[in-house]
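Remember, predicted model here, so these are calculated numbers, not experimental data.
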2 protein chains.
Amino acid sequence: MNEVLVRVSSEAQQREARLLQALRDAGLRLTPQRRAICHYLAHTDAHPTAQQIFAAVKPEFPSLSLATVYNTLDALVRLGAVHALGGAGDGAIHYDADLRPHVNLACLQCHRMVDLPCEAVADLNRRVTAESGYRILGARLVYYGLCPDCQRTAREASPTP
Amino acid sequence: MNEVLVRVSSEAQQREARLLQALRDAGLRLTPQRRAICHYLAHTDAHPTAQQIFAAVKPEFPSLSLATVYNTLDALVRLGAVHALGGAGDGAIHYDADLRPHVNLACLQCHRMVDLPCEAVADLNRRVTAESGYRILGARLVYYGLCPDCQRTAREASPTP
DNA sequence: TTTCCACCTTAGAATTACTCCAAGTTTGGA
DNA sequence: TCCAAACTTGGAGTAATTCTAAGGTGGAAA
Ligand SMILES: [Mn+2]
Ligand SMILES: [Mn+2]
Ligand SMILES: [Zn+2]
Ligand SMILES: [Zn+2]
C-alpha cells in the first residue's frame with residue numbers, strides 16, 4: 001500500500017545538476033543566467049550553437065547578452081562539463097552536455113546533429129586517457145555527411161536513379 | 001643480381017595520389033595550385049589550417065590566393081578525401097589528409113594536433129557507416145585537452161605540487 | 001542580516017576566419 | 001589548335017566569436 005517513493009532523476013536533471021556542480025566546484029558563481037543556460041543545455045538533445053542557446057534563453061532573460069552565453073560555454077568546456085563538437089556545415093560550433101559515450105552524426109545539409117549510442121566509445125575514452133599522456137578535457141566524436149532526409153532530397157534534385 | 005625494383009610508395013606519396021585522383025574522378029581540374037596544396041597536405045602530419053597551408057605553399061606560388069586554398073579544401077572535404085577536424089583552441093579549422101583509422105589529440109594551449117593510432121576506430125567507422133543511415137563523408141575524431149608539454153608549463157606557472 | 005569586493009553581465013565595438021564577387025586566366029577535351 | 005567551362009585572384013563582405021569598459025551581484029565573512 002505504501003508506494004515506493006523513489007524519484008528516478010531523469011537523465012536531463014542529472015545533467016543539469018552535474019553542470020551546476022561543475023561551476024560550483026570551480027569556484028564560479030551560479031548566476032540566474034548561468035543556471036538558465038545550464039538548464040537549457042541539460043534538457044536538449046539538439047547539440048545547439050551559442051546563437052541557438054541565446055535565442056532559447058533570451059525570452060526568459062530579456063537582458064541576456066550573447067557574451068554571457070559565450071562566457072558560460074567557455075567555462076563549461078574548459079571544465080570538461082560540456083563538449084565542443086565543432087561545426088555542421090554552418091560556421092558555428094555545436095555543444096553537447098551529454099557526456100555518455102556516444103558518437104555524433106552531423107548533416108552538412110540541414111546542419112543538425114544527432115546521437116548514435118555506441119558502447120565502443122567508452123573503451124576508446126579509456127584508452128586515450130590512459131595512453132595519450134594528455135590531460136583530456138573533452139571529446140569531439142563526429143561523423144559528418146548527409147542524413148537520410150537530405151539524401152532523399154538530393155536524389156530528387158538530381159535525376160540519377 | 002637483378003635487384004627487385006619494387007618501389008615502396010611511401011604513405012605520403014599514396015596520399016598525394018589519392019587526393020589528385022579524387023579531384024580527377026570528380027571531374028575537377030588539376031591546376032598547379034591544387035597540385036601544390038595536395039602535395040603539402042599529403043606530406044605533413046601537422047593537421048594544418050587553411051592559413052598554414054597558404055603560408056606553406058605561397059613561396060612556391062607567390063600569386064596564390066587564400067580563396068584558392070579554401071576552395072580546394074572545400075572540394076577535398078566534400079569528396080571525403082580530407083577530413084575537417086575543427087579547431088584546437090585557435091579559431092581555425094584543422095585538416096587531415098590521413099584517412100587511416102586513428103584518433104587525433106588537440107592541445108588547447110599550443111594549438112597542435114597529433115595522431116594516436118587506434119585499431120578500434122576501424123570498427124567504429126564500419127559500424128557508423130552500417131547503422132547510421134547517413135551518407136558519411138568524413139569523421140572528426142578528436143580528443144582535446146593539454147599536451148604533456150603544456151601540462152608541464154601550466155604546473156610551473158601555478159605552485160601546486 | 002549586512003557588508004563588500006571579486007566576479008559577472010551587458011551593449012556595442014573589434015577581430016578575423018571564412019565566403020563572395022567580378023574580371024582575367026587556364027585546363028583539357030573536341 | 002580552339003574554346004567553353006572551370007579556375008584563380010585580390011579585394012570587399014559576412015558573421016561568429018572575442019574584447020572592453022562600466023555598472024550589477026553572488027555569496028562568504030563578520
Ligand atoms: Mn551528442
Ligand atoms: Mn590525424
Ligand atoms: Zn540533413
Ligand atoms: Zn600543448
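OP1 and OP2 of C:dC18 both lie 4.0 Å or more from every side-chain N or O belonging to B:Gln51. Listed pair A:Tyr70 / D:dT18 fails the phosphate criterion, with no side-chain N or O lying under 4.0 Å from OP1 or OP2.
The CG atom of B:Asp90 sits 9 Å away from the P atom of C:dA17 (whole-angstrom rounding). D:dG10 atom P lies 8 Å from atom CG of B:Leu64, rounded to whole Å. Between the C1' atom of C:dT9 and the CG atom of A:Leu73 lies a distance of 15 Å, rounded to the nearest Å. In this structure, B:His94 atom NE2 and C:dA17 atom P are separated by 11 Å, rounded to whole Å. Between the CD atom of A:Gln33 and the P atom of D:dT25 there is a distance of 9 Å, rounded to whole Å. If you take CZ of B:Arg34 and C1' of C:dT26, they are 12 Å apart, rounded to a whole angstrom. In this structure, B:Arg24 atom CZ and D:dA6 atom P are separated by 18 Å, rounded to whole Å. Protein atom CZ of B:Phe54 is 16 Å distant from nucleotide atom P of C:dT16, rounded to whole Å.
The side chain of B:Ile93 sits closest to C:dC18 out of C:dC18, D:dT9, D:dA16. Listed nucleotides C:dT27, D:dA16, D:dG10 differ in distance to B:Pro32; the shortest reach to its side chain belongs to C:dT27.
For B:Arg140 (side chain) and A:Tyr144 (main-chain N/O), no donor-acceptor pair under 3.5 Å exists by modelled atom type.
In this pair, B:His102 and B:His47 present their aromatic rings tilted. The plane angle is within the 30 to 60° band.
Residues A:Glu16 and A:Arg35 are not paired through a salt bridge, judged by the lack of any N-O separation under 4.0 Å between the basic side chain and the carboxylate. Between B:Asp123 and B:Arg127 there is no salt bridge, since no side-chain N of the basic residue sits under 4.0 Å from a carboxylate O of the acidic one.
Residue contacts for B:Ser63: at a heavy-atom cut-off of 4.0 Å it reaches the sugar-phosphate backbone alone, with no base atom in range. In this structure, B:Leu66 reaches neither bases nor backbone, as no heavy-atom distance under 4.0 Å exists between it and the strands shown. The residue A:Pro62 sits apart from the nucleic acid: no heavy atom pair falls under 4.0 Å.
Between the side chain of B:Arg29 and the base of D:dC7, no donor-acceptor pair of N or O atoms lies under 3.5 Å. Side-chain atoms of A:Thr31 and base atoms of D:dG26 include no donor and acceptor less than 3.5 Å apart.
A:Tyr70 OH to A:Ile53 CD1: the interatomic distance, rounded to the nearest 0.5 Å, is 9.5 Å.
For the pair B:Gly91 and B:Ala67, both in contact range of DNA chain C, the more 5′-proximal nearest nucleotide belongs to B:Gly91. Nearest-nucleotide positions on DNA chain C for B:Asp74 and B:Leu28 put B:Asp74 closer to the 5' end.
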